[in-house]
K.L.:
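Once you've had a glance at the structure underneath, I'll fire off some questions.
When reading the values below, keep in mind they use all heavy atoms of this one structure, side chains included, and skip hydrogens, waters and symmetry mates. Since the structure is predicted, the reported quantities are computational estimates derived from the model, not experimental observations.
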Amino acid sequence: MPKVEFTANLQRHVALPPTEAQGRTVREVLDRVFSTNERARSYVLDEQGALRPHMVIFVNGEPITDRLSLSDAVSDSDEIFILQALSGG
């Protein structure tokens with residue numbers, strides 16, 4: 001199963017322990033991860049289910065390309081890493 005990990009910074013705001021969840025896309029995996037944690041879902045995803053602007057998701061060290069429907073493919077050996085994006089100058 002794909003492994004899902006959230007940064008320690010996110011852990012300060014919402015309980016998001018490392019976990020594993022089945023799925024063939026980032027969306028399917030996150031739907032399972034968030035199925036019992038609505039607060040975490042609303043922190044990471046917006047009301048339409050898209051990735052919030054201040055969030056970033058990496059699969060095996062590469063940023064996902066589909067921030068709206070999260071359709072990027074994943075395999076059982078993949079690692080999904082979710083963190084807050086940083087901006088500023």
K.L.:
Holding to salt bridge (Lys or Arg N to Asp or Glu O under 4.0 Å), I want the full list of residues that pass it with E28, two or more places apart in sequence or in another chain.
P.N.:
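Only R24 meet the salt bridge (Lys or Arg N to Asp or Glu O under 4.0 Å) criterion with E28.
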K.L.:
Is the side chain of R39 donor-acceptor paired with the backbone N or O of A15 at a distance under 3.5 Å, no angle test?
P.N.:
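No, the answer is negative, given that no donor and acceptor are paired below the 3.5 Å cut-off.
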K.L.:
Would you check, one step at a time, whether the test side chain to side chain contact (heavy atoms under 4.5 Å, CB included) holds for L70 with L45?
P.N.:
CA-CA 10 Å; L70 308 176; L45 306 176; 3.8 Å; yes
K.L.:
With sequence neighbours left out, what residues match V59 under side-chain contact (heavy atoms from CB on, under 4.5 Å)?
P.N.:
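side-chain contact (heavy atoms from CB on, under 4.5 Å) check on V59 returns V26, I64, V74, D78, I80.
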K.L.:
So, using salt bridge (Lys or Arg N to Asp or Glu O under 4.0 Å) as the criterion, who are the partners of R67 when residues are at least two apart?
P.N.:
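With sequence neighbours excluded, R67 shows a salt bridge (Lys or Arg N to Asp or Glu O under 4.0 Å) to no residue whatsoever.
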K.L.:
Shortest non-hydrogen contact from P2 to Q22?
P.N.:
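Scanning both residues, the minimum pair turns out to be CD-CA, 4.4 Å.
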K.L.:
Please write out which residues are connected to M1 in a hydrophobic cluster, directly or through intermediates, given that two of Ile, Leu, Val, Met, Phe, Trp, Tyr count as joined at side-chain heavy-atom separations below 4.5 angstrom.
P.N.:
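For M1, no cluster forms, as it stays isolated from other hydrophobic side chains.
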K.L.:
Kindly work out whether a path of hydrophobic side-chain contacts (I/L/V/M/F/W/Y, heavy atoms less than 4.5 Å apart) joins F58 to M55.
P.N.:
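In one cluster with F58: M55, no.
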K.L.:
Can you pull the ring pair (Phe, Tyr, Trp, His ring centres under 6.0 Å) pairs that have at least one residue in residues 64-83, sequence neighbours excluded?
P.N.:
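Sorted result for residues 64-83: empty, none.
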K.L.:
Restricting to non-hydrogen atoms, name the atom on R32 and the atom on G23 that form the minimum distance, rounded to 0.1 Å.
P.N.:
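Shortest heavy-atom contact: NH1-CA, 4.1 Å.
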K.L.:
Which residues satisfy the salt bridge (Lys or Arg N to Asp or Glu O under 4.0 Å) test with R41, sequence neighbours excluded?
P.N.:
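By the salt bridge (Lys or Arg N to Asp or Glu O under 4.0 Å) rule, R41 matches D31, E38.
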K.L.:
List the residues meeting side chain to side chain donor-acceptor pair (under 3.5 Å) with Q84, not counting sequence neighbours, and say none if there are none.
P.N.:
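Residues passing side chain to side chain donor-acceptor pair (under 3.5 Å) with Q84: N9, Y43.
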K.L.:
How far does CD of E5 sit from OG1 of T19, to the nearest 0.5 angstrom?
P.N.:
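Going from the CD atom of E5 to the OG1 atom of T19 covers 11.0 Å.
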K.L.:
Once salt bridge (Lys or Arg N to Asp or Glu O under 4.0 Å) is applied, do any residues pair with R52, and if so which ones, sequence neighbours excluded?
P.N.:
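By the salt bridge (Lys or Arg N to Asp or Glu O under 4.0 Å) rule, R52 matches E47.
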K.L.:
Mind listing the closest non-hydrogen atom pair of G49 and R27 along with its distance?
P.N.:
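Smallest interatomic distance, heavy atoms only, reads O-NH2, 2.6 Å.
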K.L.:
Would you kindly confirm whether V33 and V56 end up in one hydrophobic cluster when ILVMFWY residues are joined by side chain heavy atoms under 4.5 Å apart?
P.N.:
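No, V33 and V56 fall in different hydrophobic clusters.
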K.L.:
Not counting sequence neighbours, which residues clear side chain to side chain donor-acceptor pair (under 3.5 Å) with N37? List them please.
P.N.:
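Testing N37 for side chain to side chain donor-acceptor pair (under 3.5 Å), a comparison that skips the adjacent residues, returns none.
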K.L.:
Between L51 and L68, is there a shared hydrophobic cluster once you connect ILVMFWY residues whose side-chain heavy atoms come closer than 4.5 Å?
P.N.:
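Different hydrophobic clusters.
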K.L.:
Before giving the answer on side chain to side chain contact (heavy atoms under 4.5 Å, CB included), spell out for V4 and E79 the whole-Å C-alpha distance, their side-chain angles and the decisive distance to 0.1 Å.
P.N.:
CA-CA 6 Å; V4 182; E79 294 181 346; over 6 Å; no
K.L.:
Distance check, rounded to the nearest 0.5 Å: I57 atom CD1 versus E62 atom CD?
P.N.:
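Nearest 0.5 Å value for the CD1-CD distance: 14.5 Å.
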K.L.:
Output all residues satisfying side chain to side chain donor-acceptor pair (under 3.5 Å) with T65, sequence neighbours left out; order by chain, then residue number.
P.N.:
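Residues passing side chain to side chain donor-acceptor pair (under 3.5 Å) with T65: D72.
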K.L.:
For S42, give me all partners under side chain to side chain donor-acceptor pair (under 3.5 Å), at least two apart in sequence or on another chain.
P.N.:
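Once residues adjacent in sequence are excluded, S42 has no partner under the side chain to side chain donor-acceptor pair (under 3.5 Å) criterion.
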K.L.:
Listed by chain and number, what are the side-chain contact (heavy atoms from CB on, under 4.5 Å) partners of S35, not counting sequence neighbours?
P.N.:
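Partners of S35 under the side-chain contact (heavy atoms from CB on, under 4.5 Å) test: none.
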K.L.:
Quick check: closest heavy atoms across D66 and S71, and the distance to 0.1 Å?
P.N.:
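Minimum heavy-atom separation between D66 and S71: OD2-OG, 2.5 Å.
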K.L.:
Could you tell me the separation between the CG atom of L16 and the CD1 atom of I82, rounded to the nearest 0.5 Å?
P.N.:
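Spacing of CG (L16) from CD1 (I82) equals 7.5 Å.
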